[in-house]
Amino acid sequence: MTERKKVTLPTLFKKYHEGEPITMLTCYDYPTATFQDQAGVDMVLVGDSLGMTMLGYDSTLPVTMDDMIRHSQAVRRGAPHVWLIGDMPYMTYQPSVESAIRNAGRFMAEASCDSVKLEGGREMADRMEGIVKAGIPAMGHLGLTPQSASALGGFRVQGKGAEQAARIVEDARNLEEAGAFSILLELVPDRVCRLITERASIPIISLGSGPDANGQLLIYHDMFGLYPKFKPRMAKVYGNAGEVILNGLRQYVAEVTDKTFPAPENYFSISDEEYESLAERFRA
Ligand code: KIV
């Protein structure tokens with residue numbers, strides 16, 4: 001088997017210019033990262049959605065930089081070839097350009113990420129510019145931006161009205177001008193996504209925003225039924241790993257209870273001679 005080549009910015013832009021779709025998934029742990037690397041995924045996002053999918057919070061807001069660094073390190077160990085994006089958690093870039101650069105730098109220095117992602121449009125353009133000027137590739141995130149879910153009125157499609165859609169189109173231009181290498185559009189209507197993609201000269205990635213972007217993102221846990229609390233309408237389920245795991249766990253509980261586990265292949269024996277010698281020492 002030939003060793004996979006490391007995905008770089010030129011690799012991504014070659015795909016972009018040749019019209020070949022870019023693949024992107026979220027990932028938070030080492031074993032999943034090994035599978036995603038083997039499957040040939042281009043870009044992997046260590047999303048702050050790990051606050052919900054891995055840590056059991058109700059939102060992404062409690063996630064810290066230290067949480068993100070620990071998970072990003074594990075993903076990098078499992079997926080050395082992918083373009084790795086560290087997702088900047090809540091209040092690690094909003095306060096100032098300096099906080100944005102410092103925390104983006106941690107993803108690069110401590111977790112060997114290739115880039116970072118931050119949420120927000122024109123109001124975050126100076127943070128984007130600061131990070132990019134510090135030599136760190138950065139992805140923008142527009143549409144439904146979960147860190148602002150409260151201000152946006154919940155987890156809902158953004159840009160259904162022309163006024164709000166125009167703002168998203170302009171925000172995309174602002175982020176591109178600020179130096180973003182790519183923009184993720186989450187839950188915007190398909191024709192708004194197409195308009196932004198046509199006007200941009202960087203890859204636009206869709207999460208539930210239709211087929212006309214330059215690439216697609218799915219949340220890994222949605223793809224395999226691993227987050228039973230909630231299944232977004234736009235997510236495609238490629239297999240129900242959650243069900244397989246639950247059935248296996250129920251079977252384990254039943255087998256231990258009825259003593260069919262462990263079977264001889266699940267443990268080790270000692271020879272009669274050695275056991276006799278051992279038992280001899282403890283005979284009364
Ligand atoms: O944290 C995350 O996984 C994300 C996606 C929802 C795009 O930011």
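The structure presented is a predicted model; accordingly, all values stated were derived computationally and were not measured. As a basis for the values below, the full set of heavy atoms in this structure was taken, side chains included, without hydrogen atoms, waters or symmetry mates. Read the numbers this way: they start at 1 and go in the same order the structure lists the ligands and their atoms.
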Query - Closest non-hydrogen atom pair between I69 and R106, with its separation - result: CD1-O, 3.5 Å
Query raised in the report: Among all residues two or more places apart in sequence or in another chain, which pass the ring-ring contact (aromatic ring centres under 6.0 Å, His included) test with Y227?
Result: none
Query raised in the report: Mind checking what makes salt bridge (Lys or Arg N to Asp or Glu O under 4.0 Å) contact with E243, not counting sequence neighbours?
Result: none
Atom pairs, nitrogen or oxygen, ligand 1 to protein, under 3.5 angstrom:
residue  : atom  : partner : partner atom : Å
ligand 1 : 1 (O) : D48     : N            : 3.0
ligand 1 : 1 (O) : D48     : OD1          : 2.9
ligand 1 : 1 (O) : S49     : N            : 2.9
ligand 1 : 1 (O) : S49     : OG           : 3.3
ligand 1 : 1 (O) : D87     : OD2          : 3.0
ligand 1 : 3 (O) : S49     : OG           : 2.5
ligand 1 : 8 (O) : D87     : OD2          : 3.3
ligand 1 : 8 (O) : K117    : NZ           : 3.0

Query raised in the report: What pairs with E119 under side chain to side chain donor-acceptor pair (under 3.5 Å), at least two apart in sequence or on another chain?
Result: none
Query raised in the report: Should the pair H17 and F13 be assigned to parallel (<30°), tilted (30 to 60°) or perpendicular (>60°) ring geometry?
Result: tilted
Query raised in the report: In this structure, which one of E98, Q147, R127 forms a side-chain hydrogen bond (donor to acceptor under 3.5 Å, both in side chains) with Y93?
Result: Q147
